Amino acid sequence: MSEFATVLRAWRDRVHPADVGLPAGAGRRTTGLRREELAALAGVSVDYIVRLEQGRSTHPSPQLLGALALALRLDESEREHFYRVAGAAVPSRGVVPQHVSPGVQRIVDRLGDVPLAVFTASHDILLWNPLWAAVTGDPSRWTGLDRNLVWRQFTRGHEGVEFDDRHEEEFASDLAADLRTALGRYPRDAGLAQLVQRLRAESPEFERRWSEVKVAEHRSSRKTMTRTPAGPITLDCDVLTVPGGDLRLVVYTAAPGSDDEQKLALLRVTGLQALTTSPA
């Protein structure tokens with residue numbers, strides 16, 4: 001059996017269902033993840049996981065390796081070994097980091113009472129909790145460039161979000177400046193360079209802000225989420241940077257004692273379910 005197949009099986013066995021938000025259930029023959037559970041988390045077929053563990057499928061894509069590393073809660077050293085034994089290049093230090101460490105994953109798992117998501121330095125969404133999905137809409141429906149916040153802001157508009165004039169100006173300006181900061185930090189990231197190129201070509205507003213040559217990092221804003229199942233909710237948004245990994249933890253909170261706080265509490269119970277009134 002190959003080293004890749006060995007570590008994949010061993011690391012699958014050590015991840016408990018509760019670690020990834022799954023019920024343990026009765027009658028399990030293993031304390032770790034089942035193959036079908038890992039397949040669902042990584043977005044591949046069960047048959048493919050079987051073939052990987054049996055050494056019948058080789059050279060998995062870097063995208064799949066990243067998804068498996070996230071599902072298996074690998075730390076940085078384990079992740080690098082995982083890529084190497086799969087025959088793939090370890091992601092370069094010159095590209096935007098996308099690895100979610102076990103510690104960051106635990107933060108997302110345990111802070112379920114506030115909307116929270118994890119973004120890369122270039123604002124690709126990587127991870128979110130159910131309350132985030134209830135407030136912003138389910139990010140799992142987004143694909144390709146639509147998973148990038150800056151792209152959606154400048155090409156789709158801020159659908160379902162309202163700002164006052166000051167915060168709208170600050171938000172758009174900060175996002176463009178944030179992207180310039182990321183480009184300077186990760187000059188060998190071809191995907192980031194392509195994103196900037198397309199934004200400059202397709203969004204006059206982004207091009208105008210890009211030409212201001214502002215360098216900054218977006219830290220906070222206030223916005224009203226207008227399409228939640230509980231109705232409009234005004235929230236404060238704070239962005240925290242994860243040391244070492246250069247990820248962004250984006251957290252929404254409501255003012256204590258406000259109607260918005262009550263609506264958030266309601267969404268913790270209802271999630272993405274539509275709120276309807278029963279007929280009389």
Side-chain angles (χ1 to χ4, degrees), residues 61-67 69-70 79 83 88-101 104 116-128 132 136-137 139-161 163 165-221 223 237-252:
S61 70
Q63 292 79 10
L64 174 60
L65 291 172
L70 177 60
R79 176 172 172 265
Y83 274 78
V90 176
S92 167
R93 299 289 183 182
V95 301
V96 176
Q98 297 193 16
H99 179 59
V100 179
S101 70
V104 172
L116 182 148
V118 181
F119 289 80
T120 67
S122 55
H123 290 285
D124 290 315
I125 191 167
L126 298 175
L127 198 63
W128 58 90
W132 177 278
T136 68
S140 65
R141 72 182 191 274
W142 299 331
T143 59
L145 283 175
D146 281 336
R147 293 181 69 87
N148 183 273
L149 174 62
V150 188
W151 175 262
R152 291 202 322 277
Q153 169 72 19
F154 286 101
T155 65
R156 306 276 191 266
H158 41 82
E159 300 172 343
V161 183
F163 300 85
D165 291 342
R166 180 174 69 86
H167 283 100
E168 182 168 14
E169 172 63 26
E170 287 179 355
F171 185 63
S173 179
D174 284 356
L175 287 184
D178 232 355
L179 216 55
R180 182 180 289 278
T181 299
L183 190 64
R185 191 174 294 157
Y186 305 106
R188 296 196 299 274
D189 193 303
L192 174 56
Q194 184 181 37
L195 171 65
V196 171
Q197 183 180 26
R198 288 197 59 181
L199 279 166
R200 296 185 67 183
E202 298 185 31
S203 171
E205 182 185 0
F206 180 84
E207 172 62 19
R208 175 176 63 83
R209 295 179 186 282
W210 188 260
S211 66
E212 295 171 357
V213 197
K214 179 182 176 183
V215 176
E217 289 186 358
H218 178 61
R219 296 296 186 188
S220 64
S221 62
K223 57 189 72 176
C237 170
D238 290 284
V239 183
L240 313 175
T241 302
V242 179
D246 205 17
L247 300 178
R248 308 290 189 261
L249 285 177
V250 181
V251 185
Y252 289 156

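Bear in mind the structure is a predicted one, so any value in this text is a computation, not a measurement.
- Across A117 and I125, no two heavy atoms sit closer than the pair CB-CD1, 4.1 Å.
- In terms of the side chain to side chain contact (heavy atoms under 4.5 Å, CB included) criterion, residue partners of E169 (sequence neighbours excluded) are, by chain and number, S173, R209.
- Annotation: side chain of D174 is in contact with side chain of K214 (closest heavy-atom distance under 4.5 Å).
- For W142 against R147, the heavy-atom pair with the smallest separation is O-NH1, 3.3 Å.
- In this structure, V250 and L116 have side chains that are not in contact, with every pair of non-hydrogen atoms separated by 4.5 Å or more.
- Taking T143 as the reference, nothing meets the side chain to side chain contact (heavy atoms under 4.5 Å, CB included) condition, with sequence neighbours excluded.
- Taken to the nearest 0.5 Å, the NZ atom of K223 stands 4.5 Å off from the SG atom of C237.
- In this structure R156 satisfies the salt bridge (charged side-chain N to carboxylate O under 4.0 Å, His left out) test together with D146, sequence neighbours excluded.
- The distance from the CG atom of D178 to the CZ atom of F171 is 9.5 Å, given to the nearest 0.5 Å.
- For S101, the side chain to side chain contact (heavy atoms under 4.5 Å, CB included) test picks out V104, with sequence neighbours left out.
- For Y186, the side-chain hydrogen bond (donor to acceptor under 3.5 Å, both in side chains) partners two or more places apart in sequence, or in a different chain, are D246.
- For R180, there are no salt bridge (charged side-chain N to carboxylate O under 4.0 Å, His left out) partners, not counting sequence neighbours.
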side-chain contact (heavy atoms from CB on, under 4.5 Å) assessment of R248 paired with L240: CA-CA 6 Å; R248 308 290 189 261; L240 313 175; over 6 Å; no
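- With sequence neighbours excluded, the residues satisfying ring-ring contact (aromatic ring centres under 6.0 Å, His included) with F154 are F206.
- By the side-chain hydrogen bond (donor to acceptor under 3.5 Å, both in side chains) test, E212 is found to be paired with no residue, residues two or more places apart in sequence or in another chain being considered.
- Annotation for S140 and W128: closest pair N-CZ2, 3.5 Å, computed over non-hydrogen atoms.
- Here the CG-CZ distance, from L192 to R185, works out to 11.0 Å after rounding to the nearest 0.5 Å.
- A distance of 8.5 Å separates CG in L183 from CG in D189, rounded to the nearest 0.5 Å.
- Summarising the geometry of A121 relative to A182, their closest heavy-atom pair is O-CB, 3.8 Å, with the distance given to 0.1 Å.
- When the side-chain hydrogen bond (donor to acceptor under 3.5 Å, both in side chains) test is applied to T136, the partners found at least two apart in sequence or on another chain are W132.
- In this structure, the side chains of L195 and L179 come closer than 4.5 Å at one or more pairs of heavy atoms.
- The salt bridge (charged side-chain N to carboxylate O under 4.0 Å, His left out) test applied to R200 returns E207, not counting sequence neighbours.
- Listed by chain and residue number, T120, S122, N148 satisfy the side chain to side chain contact (heavy atoms under 4.5 Å, CB included) test with D124 (two or more places apart in sequence, or in another chain).
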Steps toward side-chain contact (heavy atoms from CB on, under 4.5 Å) verdict (L247, L126): CA-CA 9 Å; L247 300 178; L126 298 175; 3.8 Å; yes
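- With sequence neighbours excluded, the residues forming a salt bridge (charged side-chain N to carboxylate O under 4.0 Å, His left out) with E202 are R198, listed by chain and number.
- Without hydrogens or angle criteria, S203 side chain to L199 main chain gives no donor-acceptor distance under 3.5 Å.
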